[in-house]
Amino acid sequence: MEKPALADHPINEAMKQRWSPRAFDPRPMPRADILTILEAARWAASSFNQQPWHFLVATRDQEERFAQLLDCLVPGNQVWARNASLLILTVTKRTFDHNDSPNSCCVHDVGLTACQLVLQATELGYATHQMAGIEADKIREVYGVPEGFDPVTGIAVGYPGDPNSLPEDLREMELGARTRRPFNEYIFADRWGQPAGY
């Protein structure tokens, strides 16, 4: 199912096609595609080139790994993410390597790498869904995440599925329209809240 963005101005095709479905078709992805997606993420920009991101990954053909990672999502996300082909947990390092000072951009940089991952997956024809609904404490315990590192998000990647496979409440969200706020609500000039006029 496609839901292209109704953009007011021209944008990249992968950005236009990217959205966050919950319906996945539970087929394994080719290893080459997984590597391409992870390679795209690797080349994201980051403050001081710190690259503070780390990924915990599992593919559906790795049954025990997949079940372990799935169990680190909140129950509501497990309902649909179990059909993804690839599950990822993002983790960030809170400090810079070069001086051990706090990296105030570390979560921002995880967002950048996730964005590149998602756009590359979209270009290859896969569906993606990023999740705030993860069990951070469980992730720390299960994976032995060391002090100084924080779990941030989950990402499901896979083949688009049938919305009718979802429970009714999720199906309604799946079929709903995509919307975005207009520029005048968040692009300001001169003073906070004063639209820039774009």
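With sequence neighbours excluded, no residue forms a salt bridge (charged side-chain N to carboxylate O under 4.0 Å, His left out) with Arg180. Among residues two or more places apart in sequence or in another chain, the ring pair (Phe, Tyr, Trp, His ring centres under 6.0 Å) test is passed with His9 by Phe183. For the side-chain hydrogen bond (donor to acceptor under 3.5 Å, both in side chains) test, no residue two or more places apart in sequence or in another chain qualifies with Ser165. With sequence neighbours left out, the side-chain hydrogen bond (donor to acceptor under 3.5 Å, both in side chains) criterion links Trp43 to Glu39. Annotation: salt bridge (charged side-chain N to carboxylate O under 4.0 Å, His left out) contacts of Lys138 (sequence neighbours excluded): Asp71. When the ring pair (Phe, Tyr, Trp, His ring centres under 6.0 Å) test is applied to Phe149, the partners found at least two apart in sequence or on another chain are His54. By the ring pair (Phe, Tyr, Trp, His ring centres under 6.0 Å) test, Tyr159 is found to be paired with Tyr126, residues two or more places apart in sequence or in another chain being considered.
Across all non-hydrogen atoms, the minimal contact from Val79 to Arg82 is O-NE, 3.4 Å. Considering every non-hydrogen atom in both Met173 and Lys3, the closest pair reads O-NZ, 4.0 Å. What you find for Ala156 and Met131 is that their closest heavy atoms are N-CE, 3.6 Å.
Hydrophobic clustering, with ILVMFWY side chains joined whenever heavy atoms are under 4.5 angstrom apart, groups Val152 together with Ile88.
Of the possible donor and acceptor atoms, none in the side chain of Glu174 sits under 3.5 Å from a partner among the backbone N and O of Leu166.
Sorted by first and then second residue, the salt bridge (Lys or Arg N to Asp or Glu O under 4.0 Å) pairs with a member in residues 148-167 read Arg94-Asp150, Arg140-Asp150; sequence neighbours excluded. Screening residues 83-92 for side chain to side chain donor-acceptor pair (under 3.5 Å), with sequence neighbours left out, gives Thr90-Thr153.
Hydrophobic cluster membership for Phe48: Phe96 (Ile, Leu, Val, Met, Phe, Trp, Tyr linked by side-chain heavy atoms under 4.5 Å, directly or transitively). In this structure, Leu175 belongs to a hydrophobic cluster whose other members, linked by side-chain heavy atoms under 4.5 Å apart, are Met1, Trp19.
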Taking only distance into account, with no hydrogens and no angle test, what donor-acceptor pairs under 3.5 Å do side-chain atoms of residues 184-198 form with protein atoms, sequence neighbours excluded?
unit_1, atom_1, unit_2, atom_2, d
Asp190, OD2, Gln194, NE2, 3.2

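In this structure, a donor-acceptor pair under 3.5 Å is absent between the side chains of Ser47 and Gln50.
Taken to the nearest 0.5 Å, the CZ atom of Arg18 stands 14.5 Å off from the NZ atom of Lys16.
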